[in-house]
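Heads up, the thing below is written out as structure tokens.
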Protein chains: 2
Amino acid sequence: MPRRTELLGIAAELFAEKGFTNTTVRDIADAAGILSGSLYHHFDSKESMVEEILTSFQARLFEAYDEVLASDDDPRTKLERVVRLSFEAIDQHRAEVAIYQNDSSYLGGFERFGFLAERNAQMRTMWTDLVREGVAAGVLRQDLDVELVYRFIRDTVWVAVRWYRPGGDLTHTDVADQYLSILLEGISRA
Amino acid sequence: MPRRTELLGIAAELFAEKGFTNTTVRDIADAAGILSGSLYHHFDSKESMVEEILTSFQARLFEAYDEVLASDDDPRTKLERVVRLSFEAIDQHRAEVAIYQNDSSYLGGFERFGFLAERNAQMRTMWTDLVREGVAAGVLRQDLDVELVYRFIRDTVWVAVRWYRPGGDLTHTDVADQYLSILLEGISRA
DNA sequence: GTCTATAGACCGATAGAC
DNA sequence: GTCTATCGGTCTATAGAC
């Protein structure tokens with residue numbers, strides 16, 4: 001693995017654990033076993049590190065989403081697959097998802113992180129389209145506010161990064177199964 | 001309103017908007033129209049400000065919860081009332097909920113904020129008891145993991161503080177209605 | 001209760017040797 | 001690619017005048 005990639009992985013873990021602003025370049029350098037000044041041989045700034053972490057993660061995530069959206073699956077299957085992909089991302093890219101969840105509000109205030117707002121808009125379009133297609137196909141309830149359902153699904157899926165631990169009792173597939181069951185059928189006894 | 005209370009309100013808004021560590025004592029003083037040094041006539045430190053904000057909010061919140069739990073309502077009604085109380089808290093104490101959501105992970109690392117973990121444990125007991133009572137009473141599904149249902153409800157309710165805006169199209173009652181409908185019945189067409 | 005003034009620590013980032 | 005050394009800026013907090 002290239003040194004650059006290795007350093008980004010170390011930084012991502014620290015950003016995820018302590019938050020972007022609470023992580024100093026000295027923290028990152030310490031964890032990497034070098035001095036803080038040496039980091040600047042690899043990266044322009046602390047901000048450019050987190051930018052690279054987020055853009056490369058989001059690029060891969062949306063590539064996976066696009067594959068599902070371009071398929072000829074029915075609306076409900078697409079929605080399920082996109083939910084499962086998201087829990088898989090939490091499992092395999094926990095740090096990146098945590099940074100996205102915890103720090104994108106702060107980072108979004110800087111011009112260079114404008115891509116975060118663009119990706120958010122893309123995400124919103126994806127989910128609301130899926131919900132509307134599901135309603136049109138007659139598989140989802142018609143009496144619910146689509147915007148609210150979108151926020152409900154989005155938040156429910158991503159916020160799991162706060163407590164999900166890879167290698168724990170529940171696999172990401174277990175979590176996705178139960179979340180989809182609650183989302184689709186509710187918790188009331190039929 | 002006492003000056004102290006006024007200053008805490010100003011600080012809470014800034015902490016909620018920018019995060020605890022991204023808010024400087026100068027930010028708070030500027031917003032209050034005084035100089036940063038003058039804040040220390042009222043408070044020991046920035047940490048003691050956020051501590052007072054969180055403890056007084058949580059004390060009021062759990063007082064309201066306890067009233068519901070001590071009532072003789074049936075399990076499903078209790079669960080609904082607790083959910084509604086939470087959305088009401090998001091409406092009426094938006095800043096405090098936002099700070100609790102965004103910064104308690106960081107703050108929880110300091111001894112003086114140990115009360116956050118205690119309140120989390122209390123919250124967990126409350127929700128899991130309510131879910132188990134609902135299952136025992138035959139009104140909730142028995143095939144779901146109680147811990148996971150608890151996290152699902154907790155996260156879904158509180159994370160709404162990220163997008164809910166008092167005075168917007170949806171009142172907190174509207175949001176609670178639809179959230180309860182999704183949680184209890186799911187989004188699938190019956 | 002607020003101001004002036006500043007201490008003392010820590011931060012991100014840079015220049016140049018090796 | 002890492003180290004030595006350090007600059008300039010910002011932060012929380014303090015001391016004492018008004």
Side-chain angles (χ1 to χ4, degrees), chain A residues 1-55 95 99 102-113 116, chain B residues 1-55 95 99 102-113 116:
Chain A
M1 180 156 63
R3 185 67 167 145
R4 180 187 186 79
T5 311
E6 196 178 352
L7 292 171
L8 281 180
I10 291 167
E13 289 297 329
L14 288 168
F15 290 155
E17 186 193 340
K18 308 167 34 138
F20 177 72
T21 43
N22 298 323
T23 302
T24 70
V25 292
R26 283 176 177 81
D27 290 335
I28 301 169
D30 285 352
I34 58 178
L35 292 186
S36 66
S38 306
L39 276 178
Y40 291 83
H41 172 73
H42 304 275
F43 306 98
D44 278 354
S45 66
K46 195 174 99 166
E47 285 184 7
S48 74
M49 297 185 77
V50 76
E51 181 181 348
E52 190 166 333
I53 289 167
L54 288 173
T55 51
I99 297 166
N102 298 329
D103 293 310
S104 69
S105 154
Y106 168 74
L107 294 172
F110 303 96
E111 288 125 28
R112 74 183 296 176
F113 291 96
L116 289 171
Chain B
M1 178 156 64
R3 185 64 167 145
R4 180 189 186 77
T5 311
E6 195 178 351
L7 292 170
L8 281 180
I10 291 167
E13 288 298 328
L14 288 168
F15 290 155
E17 187 193 338
K18 308 167 34 139
F20 177 72
T21 44
N22 297 324
T23 303
T24 71
V25 292
R26 282 179 177 81
D27 289 336
I28 301 169
D30 285 351
I34 59 178
L35 291 186
S36 65
S38 305
L39 276 178
Y40 291 84
H41 173 73
H42 303 275
F43 306 99
D44 279 353
S45 65
K46 194 174 101 167
E47 285 183 9
S48 74
M49 297 186 77
V50 77
E51 181 182 348
E52 191 165 332
I53 290 166
L54 288 174
T55 51
I99 297 167
N102 298 329
D103 293 310
S104 69
S105 154
Y106 168 74
L107 294 172
F110 303 96
E111 287 125 27
R112 73 184 297 177
F113 291 97
L116 289 171

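- Residues of residues 31-46 of chain B having a heavy atom closer than 4.0 Å to DNA chain C, listed by number: B/Ile34, B/Leu35, B/Ser38, B/His41, B/His42.
- Of all heavy-atom pairs spanning A/Ala16 and A/Asn102, the tightest one is O-ND2, 4.2 Å.
- The ring pair (Phe, Tyr, Trp, His ring centres under 6.0 Å) check on A/Tyr106 picks up A/Phe110, with sequence neighbours excluded.
- Rounded to whole Å, atom P of D/dT12 lies 13 Å from atom CZ of B/Phe110.
- Residues from residues 15-27 of chain B with heavy atoms under 4.0 angstrom of DNA chain C: there are none.
- Looking at every heavy atom in both residues, B/Ser48 comes nearest to B/Ser45 through OG-O, 2.9 Å.
- Scored by the side-chain hydrogen bond (donor to acceptor under 3.5 Å, both in side chains) test, B/Glu52 finds B/Arg4 as partners (sequence neighbours excluded).
- In this structure, the CG atom of B/Leu7 is 12 Å from the C1' atom of C/dT2, given to the nearest Å.
- The minimum heavy-atom distance linking B/Asp27 with B/Asn22 is given by the pair OD2-O, 3.9 Å.
- Atom CD1 in A/Ile28 sits roughly 17 Å away from atom C1' in D/dT2 (whole-Å rounding).
- Side-chain contact check for B/Asp103 versus B/Val50: every heavy-atom pair is 4.5 Å or farther apart.
- Of the inter-residue distances, the one linking A/Ile53 atom CD1 with A/Glu51 atom CD reads 10.5 Å to the nearest 0.5 angstrom.
- In this structure, the separation between CZ on A/Arg26 and CG on A/Leu39 is 11.0 Å, given to the nearest 0.5 Å.
- For the OP1/OP2 pair of C/dT2 and a distance below 4.0 Å, the side-chain nitrogens and oxygens of B/Arg3 include at least one atom meeting the criterion.
- Under the rule for a side-chain contact (heavy atoms from CB on, under 4.5 Å), the partners of A/Lys46 that lie at least two apart in sequence or sit in another chain are A/Phe15, A/Phe20, A/Val25.
- Within the model, atoms NE2 of B/His42 and CD1 of B/Ile34 stand 5.5 Å from one another, a figure rounded to the nearest 0.5 Å.
- Atom CG of A/Leu35 and atom OH of A/Tyr40 lie 13.0 Å apart (nearest 0.5 Å).
- As a whole-Å value, the separation of B/Glu6 CD from C/dG1 C1' is 13 Å.
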Under 3.5 Å, which N/O atoms of the protein pair with N/O atoms of nucleotides 16-18 of chain C?
none

